[in-house]
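For reference, the structure is listed below as structure tokens.
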Amino acid sequence: MSDVERDLRRKIRDIWPNFAVADAAAWDTDPLVSSLIPAARRPKAIMPSARSVIVLWVPVSATILHTAPSIYYREHYKTLNTLLDITAQRIATLLDDRGYDSAYVPRDGYHGIAGLRKDPSSFFSHRHAAYLAGLGTFGISNVLLTETHGPRVRLTSIITSAELPAGKPLEKDLCIKCMKCVRECPANALSGDAYPGGLDKMLCVERSGELAGRGISPCGRCITVCPVGKKVTPPSDDFVEAVRRYEI
Ligand code: SF4
Ligand code: SF4
């Protein structure tokens with residue numbers, strides 16, 4: 001690693017320690033990602049000078065998640081998205097000030113439930129960036145699983161012309177195929193088939209729409225029950241029942 005790269009990594013880490021880097025060229029060469037992500041939604045389509053994609057992650061509180069769907073989890077989810085967006089913008093500005101083309105991609109690249117009904121994919125997939133950076137692998141639930149927190153992470157990305165040492169996809173599949181996510185899904189949106197074939201996105205979107213109408217989206221059940229990653233003792237049943245009374 002050159003002195004310039006080491007200095008950039010240190011400055012990024014000073015802002016946010018939880019990050020990994022994917023090579024922007026990997027979208028064209030990785031067999032899984034190149035088969036799933038259209039050319040128009042790859043980093044070099046967004047920024048032709050792109051060399052790296054910096055992926056930031058933040059853990060979701062497993063304690064709060066146990067109440068999902070709930071106003072408690074909804075507010076937590078919004079806070080994490082805002083935190084990621086602001087942090088990613090700060091890092092993009094840091095790189096921009098040093099002469100690198102840089103743009104962060106907002107946490108959610110779609111337009112609410114109405115937008116998801118038209119196209120249930122965002123214009124840029126942070127999950128696939130995280131996969132290419134070596135942060136995790138895809139589970140039966142269609143979600144990226146990480147070693148430390150399983151599927152309980154939120155992600156965002158910064159595309160930059162800075163060249164940084166990149167990770168590579170993990171060789172070990174983190175999903176243990178327990179099928180807890182499949183059994184838990186209230187919309188029957190998960191078939192149990194291996195990624196990428198196991199999720200009926202429109203059933204999941206319709207479930208989110210129904211919860212949004214009650215003020216308690218997102219759903220979060222499949223990521224609550226996944227046994228991969230750090231374990232926590234859940235809140236009491238009485239508390240979960242009490243917090244779930246708060247809905248429109
Ligand atoms: S978020 Fe809810 S509806 Fe969607 S797949 Fe997971 S459990 Fe099913
Ligand atoms: S709940 Fe089990 S099957 Fe589903 S993603 Fe997690 S480990 Fe895989």
Side-chain angles (χ1 to χ4, degrees), residues 32 36 57-78 80-81 107-122 125-128 130-131 134-155 169-234 240 243-244 247:
L32 176 70
L36 294 175
W57 62 273
V58 62
V60 172
S61 163
T63 299
I64 298 174
L65 185 62
H66 269 285
T67 69
S70 70
I71 184 67
Y72 196 3
Y73 176 49
R74 177 182 176 78
E75 291 304 305
H76 182 52
Y77 183 91
K78 282 163 45 184
L80 296 182
N81 283 356
R107 190 18 268 177
D108 283 336
Y110 50 84
H111 214 293
I113 301 299
L116 284 174
R117 283 186 177 123
K118 279 193 213 157
D119 180 354
S121 304
S122 63
S125 169
H126 302 291
R127 290 180 306 139
H128 291 91
Y131 168 79
L135 280 176
T137 60
F138 292 100
I140 291 284
S141 57
N142 211 52
V143 177
L144 187 93
L145 309 183
T146 63
E147 267 181 287
T148 51
H149 293 83
R152 291 167 289 278
V153 294
R154 303 289 299 154
L155 304 160
L170 300 180
E171 286 175 13
K172 180 184 165 197
D173 182 359
L174 299 178
C175 177
I176 59 170
K177 315 287 188 291
C178 66
M179 302 297 158
K180 285 187 177 178
C181 53
V182 176
R183 290 192 292 275
E184 181 74 11
C185 178
N188 293 319
L190 296 171
S191 68
D193 291 343
Y195 183 82
L199 173 68
D200 185 326
K201 285 188 181 177
M202 292 318 294
L203 287 178
C204 183
V205 168
E206 289 310 320
R207 161 83 174 155
S208 286
E210 189 258 317
L211 294 174
R214 293 160 56 196
I216 53 169
S217 66
C219 166
R221 292 313 308 166
C222 51
I223 67 169
T224 305
V225 298
C226 181
V228 178
K230 180 172 171 266
K231 310 282 179 295
V232 298
T233 306
V240 172
V243 80
R244 283 187 181 163
E247 61 176 74

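The figures that follow rest on heavy atoms only: side chains count, while hydrogens, waters and symmetry mates do not. As the structure lists them, so they are numbered: ligands from 1, and atoms in each ligand from 1. The structure displayed is predicted, hence computed values, not measured ones.
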Which of the ligand 2 atoms, numbered from 1, are nearer than 4.0 Å to a heavy atom of Ile140: 3 (S), 5 (S)
Please walk me through it: do Val143 and Phe138 pass side chain to side chain contact (heavy atoms under 4.5 Å, CB included)? CA-CA 6 Å; Val143 177; Phe138 292 100; over 6 Å; no
Heavy-atom closest contact (Ser61 atom, Ile64 atom, distance): OG-N, 3.1 Å
If you look at every heavy atom in Arg74 and Gly215, which pair is closest and at what distance? CD-O, 3.1 Å
Note: ligand 2 atoms sitting under 4.0 Å from heavy atoms of Met179 are 2 (Fe), 3 (S)
Under 4.0 Å from a heavy atom of Pro186: which atoms of ligand 1 are those, numbered in the order shown and with their elements? 7 (S)
Which bit of Ile176 is near ligand 2, meaning a heavy atom under 4.0 Å away: side chain, backbone, both or neither? both
Identify, with sequence neighbours excluded, every residue that meets side chain to side chain contact (heavy atoms under 4.5 Å, CB included) alongside Ala189. Cys185, Ala187, Leu199, Leu203, Cys204
Numbered in order shown, the ligand 2 atoms found under 4.0 Å of a heavy atom of Val228 are 7 (S)
May I ask you to list the atoms of ligand 2 that are less than 4.0 angstrom from any heavy atom of Cys175? 3 (S), 5 (S), 7 (S), 8 (Fe)
Candidate pair Thr146 and Trp57, rule side chain to side chain contact (heavy atoms under 4.5 Å, CB included), full reasoning: CA-CA 10 Å; Thr146 63; Trp57 62 273; over 6 Å; no
I'd like to know whether NZ of Lys230 has more than 12 heavy-atom contacts from other residues, nucleotides or ligands below 6.0 angstrom. no
Please classify the Pro151 to ligand 2 contact at 4.0 Å (heavy-atom distances, strictly less than): side chain, backbone, both or neither. neither
Spell out the protein N/O/S atoms under 2.8 Å from atom 6 (Fe) of ligand 1 as residue plus atom name. Cys222 SG
Looking at Leu65 and Arg221, what are the two nearest heavy atoms and their distance? O-NH1, 4.4 Å
Separation between OH of Tyr73 and CZ of Arg244, rounded to the nearest 0.5 Å: 12.5 Å
Tell me whether ligand 2 is touched by Val225 - counting only heavy atoms on the residue side and a distance under 4.0 Å. no
